[in-house]
Amino acid sequence: MSVLEKHPDEEQPEEHHHHESFWTKYVFSQDHKVIGIQYALTSLVFLMFGFILMLMMRWQLAFPGRAIPIIGGLLSEANAPGGIMLPEFYNQLGAMHGTIMVFMAIVPLLVGAFGNYVLPLQIGAPDMAFPKLNMASYWVYATGGLVMVISFFVPGGAANSGWTSYAPLSVTATMGQTFWLVGMVFLITSSLLGSVNFITTTIQLRAKGLSFMRLPFFVWAQLITSFLLLLAFPPLEAAGFMQLLDRVAETSFFMPEGLVVSGEVQPYAGGGSPLLWQHLFWFLAHPEVYVLILPAMGIVAEVIANNIRKPLWGYKAMVYSSIFLGAMSFIVWAHHMFMTGMGTTISAFFQTTTMIISVPSVVILTALFMSLKGGSIRFNTPMLFSLAFLIMFGIGGLTGLPLGLSATDIHLHDTYYVIGHFHYVVAPGTIFAIFAGIYYWFPKVTGRRMSETLGKIHFWPSLFFINCIFMPMFIQGLAGMSRRLYDGGDQYAHAQSVLGLNKMISYSAYGLLLAQLPFIINFFLSMKKGAKVGANPWQATTLEWVAAPSPPVAHGNFPEIPVVTRGPYDYSVPGESEDFTPQNAPLGQEG
Amino acid sequence: MEIPYTVAERPDTGLYNAKLGIWLFLASEVMLFGALFSALILLRTGADYWPHGADKLNVPLATVNTFVLIASSVTVVMAWASLRLKEFGKAKMYLWATFACGLGFMVIKAIEYGSKFSHGITPATDNFYATYFLLTGLHGLHVVGGMVVFAYFLGPGAKMWRTEPERYTNRIETCGLYWHFVDLVWIFLFPTLYLL
Amino acid sequence: MAGATVEEIKRETRVYRNVFLALAAFTAITVAISYMQVSFALALTLALLVATIKGSLVACYFMHLISERKLIYTVLLITAGFFLVLLFLPLGSYLGSTGS
Amino acid sequence: MTDLLARWMPIDASAHGAELDSMNALVHWLMALLFVGWGIYFVWVLIRYRAGRNPQADHVGAKSKISTWVEISVVVFEAVILVGFAIPAWARWVTPPGPDENALTVRVIGEQFAWNIHYPGPDGVFGGQKPELMGSSNPIGLDPDDPTGADDIVTINQLHLPVNRPVTVLLTSKDVIHSFGLPVLRVKQDAIPGMETPVHFKPVMATPPEAIFPACAAAKECWEIACAQLCGLGHYRMRGFITVHEPGGFEAWLAAQSG
Ligand code: HEA
Ligand code: HEA
Ligand code: CUA
Ligand SMILES: [Cu+2]
């Protein structure tokens, strides 16, 4: 352990003779740690961007037809004359909020940033198996992101057909949709490169002694996620090509005969099926939602194990459940399509698989709940976010049940109930897990700790506001208020009773924005001013803490290659002097 | 610190990294083409009328192309076998043959496409042609991609044979796996599009 | 495979040549079948059968799957499962739709 | 729970709605039960095992089998609700009314951004349509050469139905996908171009006078058709109105339309 206690600056090994330029070191780096940081910063910016798009929408929803304050004047005349948002613009914002959040913020954060940085460290690998591919995957992602951002400035603006891009609306939409498709092809390609790398790394580069059942749960989560990305993304890529052809070459993959748009008969030869797009889209997009949640569960499991000072309860059950979850996620997709006209047999099939897939989530959550018992629970910031995750994910998951039964979905489909359901899993769920992960691994990345005080000032208001945003949405949904309404349901009689909630939600969203200030300050301040830490400030057991300094060695991560002797969470082992036994502690010797 | 198992096999999995990597990549390719085949099945089942491929497409040309492609598959494995026998010259010859086959395939494809376009037939004509152009076009892109890679390993990439012959051999093996997969896709494309 | 002897490799190359001949023969067979006037169902079955045989030959010998590691089989088996789902479940749902 | 949810839900004027609502309530019961159960446990465990009170963690941890029982009961509950309620309810939902039930058939054609309602008229046969004829004066492109279409009635955004008589709506769209949502009748079905999808339901309550268009607009009490699927910039205003007539009223309305 002594090598690790030295100050990180002295730790940089001199064995690397070739001089690295700024470009190869920070921009076109092949070091997984640098790439991880690149991913993190880029996707955090996109997270903020996606949030800002939503804040503009929330203004319009609360005060339909009123000029947007502060930034309204900056918007172009074509989108918001006099600062008043047009419906076309609202739809662009909606589609891009969904797309940016899912594909350019959350997945890159969970997989690109956390996966890239932490996974090789946790398995004792010097780097990813294919460093060049890793670099390529970041730059392809960045290109895709750039294409999406540029799309806001093309004639007609960005894509405006929802993140789901249902044909024929998307096929007949403005040029932004073409950019969306091209951007998606880049983002998908990036994910494919990444997933090949992650799986190969996990399987091939595990340290000696690190058998599969000794992998930290986080690594399992990343491994299964990578399989989902690998196998579910290509169909959307194929569908993207088809939609691109429908748009630019007038093919009719998704276009039926005799369409009349705005009084004009469309030139398509016909014979296509709008439902085909939906099948291919949801074939990806349902596994995709587990891509959003599995790594989040992985982060939370690490943080919880560390802060209860005891092993996770039911680790094996969690692993098997995750595998089962991953496999099942490929055969539930049509629960998004119950209202497209489904016969009894097919709907029964998809309802049944949907109910079945809820069981592994219940098992994983139960295991985490049961883990708490008998622990010695520390309430630091990462732990607070993780504990909140459990409850928030619980609410989001439970509200998936009435949606999963086709008969109850009749009333709830495409209402704010659905918006409430999935935001509970992705926003207070996944985003909270991401916050937990940032607070937890920040010391490893920078060698400095983030402020606990600011962390708590970040946590409590965030928890409060985010619930004030999404809880009322269930009520709006029960009232039957549709989603994607430019005026927030203003003209519908059945929405009148819940219209007031729109204002409350929007105010809470601005509150949530303010609640992020302590985080942003903390984040940048701690990089320079945070308290310096040694290798293992949390007294954790997994390899990234016990075998590598903070930050890890620039090339190769570890001063010496670790050899693993035990499972990932040997906390409070009876008879040991410390309450944590490193994964690489020699057998039969005290940690 | 070097990344382990770039050349040697990891004892417990019996694989070197790139081998696993390429198979994973091919798995994703299976799903990519799978989606297109799925679309073809769905569109064809839902269509009122779907032409018989042989009536619309040039079967003799496609048959020739099938031979060209399976010939190219055998030349790649021969190249790999030659490398394992340390016969670099022979391997180079086989790789050139593979490249030539790829080129031949694309030339024939271009002739096929050209005759369609000259008759005013485009992907927009109907869904039969739309699926035909999309599937063969995407497949053609894969062929071109393979050719680029072979060109690289015949040109600048060939230097590696002198420094790390084993690694070079592995690289040809993985490229070969990809190339066989492209061949395999064609083996299914050919009957489904041209013969049924 | 790394430890194969010269003899073994030579034997492999002969297998490659035979596989090539078989593939050529099967190609001729499919084309021949397509010129026979048979029902669509039979034509489909035969075409797919021959394609599957050819595909298996390529996969087993050229891609030497026949002597590959367990791990690769696992990956491919998983993929094959999802591939079948992707191929037929959308169609099943489409046909099971109440609309027309 | 039914009452609790009903506080927020619109009134229900359909024959099948009560079943759906009570099923929804049942599911919410399960959710509430799990949430409250785990929630109480959660608070207790955090207080009981906080580091301050329990400085030494127990390596083994929980030994009880309770979690297994919870999991099993969740599975059993889901299975029961699925087999006992959800699947049969769906089967009834997609089953057309019997021939002796004297069902009314109406076609509904969505377009950006309106609902075209097509009644077959006294002859009971829908006239043919041609896409190229569709325009503002002939929204659904009725073919003037088709004699069966002469008596057809086409309204825009006004769906009139008789009370207590089954209805089959044949749903389609001219352009993009819309969704035919009737919150007060617990109906929702996508209108997909190129497809005709039947929807079956039965209104069992006549629209109260103050909720009939146009009087309802002032009172904000209309019975509405709400487009539920994003269909373009006017999606938010693709709103129609339902009038369920007292016995006899529907026939009178029809007669007034053809006259
Ligand atoms: C991370 C993302 C994520 C996750 C994990 C889930 C999880 C689930 N989702 Fe969700 N879903 C989405 C993201 C997600 N979903 C998105 C983005 C959409 C909308 C897309 C769009 O249309 O734009 C959607 C839409 C959606 C629909 C379509 C609705 C409609 O359009 O009409 C359905 C229907 O079946 C559904 C079901 C489910 C189910 C059954 C689960 C299950 O896996 C949930 C299982 C979990 C549990 C059952 C919780 C268990 C917890 C406990 C037992 C403990 C409880 C204790 C306490 C709370 C203290 N989801
Ligand atoms: C992962 C996915 C994700 C996430 C995280 C979010 C987050 C949020 N979403 Fe979104 N949303 C979607 C995915 C997501 N959403 C999708 C798919 C749709 C459907 C789109 C469609 O209709 O097609 C949708 C639609 C949607 C709607 C419905 C619009 C409509 O139907 O018309 C609303 C309405 O309020 C909404 C609100 C919000 C809010 C308030 C948040 C908030 O929770 C956001 C909170 C964000 C933060 C707290 C970020 C803070 C940022 C930082 C801290 C960065 C700091 C930076 C540095 C340090 C460098 N979303
Ligand atoms: Cu029509 Cu939304
Ligand atoms: Cu889903």
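Quick note on labels: first sequence line is chain A, next is B, and so on, each numbered from 1. Just so it is clear, the values below take in all heavy atoms, side chains as well, and ignore hydrogens, waters and symmetry mates. What you see is a predicted model; the values in this text were computed from it and never measured.
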Rounding to 0.5 Å, atoms CZ (R206(A)) and CG (D12(B)) come to a distance of 5.5 Å
With a 4.5 angstrom heavy-atom cut-off, could you sort out which part of A27(B) is near chain A: side chain, backbone, both or neither? both
L193(A), part contacting chain B, at a heavy-atom distance under 4.5 Å: neither
Measure L192(A) against the heavy atoms of chain B and call it side chain, backbone, both or neither at under 4.5 Å. side chain
Top contributor to chain A contacts, counting heavy-atom pairs under 4.5 Å, from L138(B), D126(B), L134(B), I22(B): L134(B)
Between the main-chain N or O of R10(B) and the side-chain N or O of Q204(A), is there a donor-acceptor pair closer than 3.5 Å? no
What option among N127(B), L15(B), L20(B) has the most heavy-atom pairs under 4.5 Å with chain A? N127(B)
With a 4.5 angstrom heavy-atom cut-off, could you sort out which part of Y16(B) is near chain A: side chain, backbone, both or neither? backbone
Which bit of L280(A) is near chain B, if near means a heavy-atom gap under 4.5 Å: side chain, backbone, both or neither? side chain
D55(B) CG: over 12 foreign heavy atoms closer than 6.0 Å: yes
Would you give the length of the straight line joining atom OG1 of T251(A) to atom OH of Y129(B), rounded to the nearest 0.5 angstrom? 15.5 Å
Under 4.5 Å from any heavy atom of chain B, what part of F227(A) do you find: side chain, backbone, both or neither? side chain
Could you check which of S252(A), P131(A), A249(A) has the highest count of heavy-atom pairs closer than 4.5 Å to chain B? S252(A)
Test item: S28(B) and V196(A) side chains (from C-beta on) under 4.5 Å apart, heavy atoms: no
Partner chain B: residue of L245(A), D127(A), I203(A) with the largest heavy-atom pair count (under 4.5 Å): I203(A)
Need one label for M255(A): side chain, backbone, both or neither, based on atoms under 4.5 Å from any heavy atom in chain B. neither
Between F233(A), F130(A), F241(A), which has the largest tally of heavy atom pairs under 4.5 Å with chain B? F130(A)
Note: vs chain B, highest number of non-hydrogen pairs under 4.5 angstrom among D246(A), L133(A), L205(A) is L205(A)
Exactly one of L36(B), L43(B), L42(B) should register a side-chain contact (heavy atoms from CB on, under 4.5 Å) with F253(A). Which one does? L43(B)
Neighbour count above 12 (heavy atom, 6.0 Å) for E264(A) CD: no
Work out which heavy atom in E2(B) is nearest to a heavy atom in P126(A); give both atom names and the distance. O-CG, 3.6 Å
Examine distances only and state if a side-chain atom of N17(B) and a backbone atom of T201(A) form a donor-acceptor pair shorter than 3.5 Å. no
Are E250(A) and T125(B) packed together at the side-chain level, in the sense that at least one heavy-atom pair is separated by less than 4.5 angstrom? no
Does S38(B) reach the side chain of P235(A), with side-chain heavy atoms less than 4.5 Å apart? no
State the CZ-CE distance between F283(A) and M31(B), to the nearest 0.5 angstrom. 4.0 Å
Exceeds 12 heavy-atom contacts within 6.0 angstrom, atom CH2 of W50(B): yes
